[in-house]
Amino acid sequence: TNTLQAEAHFIVGSSYFFSSKSDEAQKQLEASLNKDAKWAQADEVMFLLAQVLAQRGKVQESVKILEQMIAAFPNSNLRSNAEFKIAQISAAEGDFDAALMRYRKALDAKPDPKLEGYAQYGKAWSLLQQQKYDEAVTELDAIISKNENPAVVTEAKLARGIALRQGGK
């Protein structure tokens with residue numbers, strides 16, 4: 001059936017991805033979606049395909065796939081990860097309005113705890129870049145007081161100092 005073929009292409013594409021063979025991975029993942037774009041793990045296929053495209057420098061194509069994944073699978077366990085990836089891309093491109101929106105969406109989608117701290121930090125950093133210093137400090141204080149990841153807390157403390165200094169405090 002098409003679903004079994006989609007699954008087979010996904011398995012092969014994943015293998016190529018983890019073997020750093022992005023051309024072959026892209027072909028297999030696209031073949032999986034062409035066979036059955038709605039099968040149970042199609043959201044995983046799309047998420048992995050977006051990563052492959054980003055690795056290959058096709059950033060806007062990657063974002064498009066992630067947006068399609070979010071639209072097609074609004075209840076996917078990968079939704080917060082997809083929103084987070086789009087937020088990172090937006091921030092890297094200097095679009096902190098879009099980054100802030102996507103970090104908020106990532107947090108609204110209830111990310112796993114490991115991702116949550118990074119999404120909170122990205123949100124705070126985007127506020128800092130928009131010169132919304134008081135809001136950034138509030139977000140950073142929440143991270144410092146509640147997050148259990150020492151790396152995120154250390155970065156939050158540094159960013160808090162920057163926000164306070166740039167905000168004139």
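- Applying the side chain to side chain donor-acceptor pair (under 3.5 Å) rule to S76 yields the partners D43; only residues at least two apart in sequence or on another chain are considered.
- For Q5 and D36, the side-chain atoms include no donor-acceptor pair closer than 3.5 Å.
- For the side chain to side chain donor-acceptor pair (under 3.5 Å) condition, the pairs that include at least one residue of residues 160-169, sequence neighbours left out, are D134-K169, D141-R160.
- Between R79 and P74, some side-chain heavy-atom pair lies under the 4.5 Å cut-off.
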**OP:** Show the numbers, then the answer: is there a side chain to side chain contact (heavy atoms under 4.5 Å, CB included) between K58 and Q26?
**Re:** CA-CA 11 Å; K58 299 178 179 183; Q26 181 178 344; 4.0 Å; yes
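- Counting only heavy atoms from C-beta outward, the side chains of Q130 and D97 approach each other to under 4.5 Å.
- Every residue meeting the side chain to side chain donor-acceptor pair (under 3.5 Å) condition with E93, not counting sequence neighbours, appears here in chain and number order: Q60.
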**OP:** Would you sort out whether I70 and I86 count as a side chain to side chain contact (heavy atoms under 4.5 Å, CB included), showing the intermediate values?
**Re:** CA-CA 11 Å; I70 292 165; I86 296 171; 4.0 Å; yes
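- At least one donor-acceptor pair closer than 3.5 Å links the side chain of T154 to the backbone N or O of P150.
- Annotation: cation-pi geometry not satisfied between K35 and F10 (NZ/CZ under 6.0 angstrom from ring centroid, within 45° of ring axis).
- Rounding to the nearest 0.5 angstrom, the gap separating the CD atom in Q41 from the CG atom in L78 is 10.0 Å.
- Shortest non-hydrogen contact noted between G167 and Y133 is CA-CD1, 3.5 Å.
- Distance CG/D112 to CG/N81: 6.5 Å, rounded to 0.5 Å.
- Here the shortest heavy-atom pairing between R102 and A87 reads CB-CB, 3.5 Å.
- Atom CD of E30 and atom CD1 of I65 lie 7.5 Å apart (nearest 0.5 Å).
- Closest non-hydrogen pair, S14 versus L48, comes out as OG-CD2, 3.4 Å.
- Within 6.0 Å of the CG atom in N34, the count of heavy atoms belonging to other residues, nucleotides or ligands exceeds 12.
- Nearest approach of A91 to Y103, heavy atoms of both residues: CB-OH, 4.4 Å.
- For T138, there are no side chain to side chain donor-acceptor pair (under 3.5 Å) partners at least two apart in sequence or on another chain.
- Looking at every heavy atom in both residues, S32 comes nearest to W39 through OG-NE1, 3.5 Å.
- In this structure, Y118 is not a member of the same hydrophobic cluster as L127, with clusters built from ILVMFWY side-chain heavy atoms closer than 4.5 Å.
- Shown here for G117 and V152, the closest heavy-atom pair between the two residues is O-CG1, 3.7 Å.
- Screening residues 14-23 for salt bridge (charged side-chain N to carboxylate O under 4.0 Å, His left out), with sequence neighbours left out, gives D23-R56.
- Note that the CD atom of E7 and the OG1 atom of T1 stand 9.0 Å from one another [nearest 0.5 Å].
- In the hydrophobic clustering of this structure, L100 does not group with W125; members are Ile, Leu, Val, Met, Phe, Trp, Tyr whose side-chain heavy atoms approach within less than 4.5 Å, directly or through other members.
- Under the 4.5 Å side-chain heavy-atom criterion for grouping Ile, Leu, Val, Met, Phe, Trp and Tyr, I89 is not connected to L115 through any hydrophobic cluster.
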Subject >> Test side chain to side chain donor-acceptor pair (under 3.5 Å) applied to Q28 and E24, step by step >> reply: CA-CA 6 Å; Q28 291 296 320; E24 294 90 344; over 6 Å; no
**OP:** Test L140 against Y121 for side chain to side chain contact (heavy atoms under 4.5 Å, CB included), laying out the working first.
**Re:** CA-CA 7 Å; L140 293 162; Y121 179 79; 4.2 Å; yes
Subject >> Pair F17-V52, side chain to side chain contact (heavy atoms under 4.5 Å, CB included): steps then yes or no >> reply: CA-CA 7 Å; F17 173 77; V52 168; 3.4 Å; yes
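- F73 is connected to F47 through a chain of hydrophobic side-chain contacts under 4.5 Å among Ile, Leu, Val, Met, Phe, Trp and Tyr, so both are in one cluster.
- By the 4.5 Å heavy-atom criterion applied to side chains, K85 and Q51 are counted as neighbours.
- The CG atom of N2 lies 9.5 Å from the NE2 atom of H9; values are rounded to the nearest 0.5 Å.
- With sequence neighbours excluded, the residues forming a side-chain contact (heavy atoms from CB on, under 4.5 Å) with A98 are S90, D95, listed by chain and number.
- Put simply, CD1 on I144 and CD on E139 are 11.5 Å apart, with the number rounded to the nearest 0.5 Å.
- Cluster membership check: L29 shares its hydrophobic cluster with V63, using side-chain heavy-atom separations under 4.5 Å among Ile, Leu, Val, Met, Phe, Trp and Tyr.
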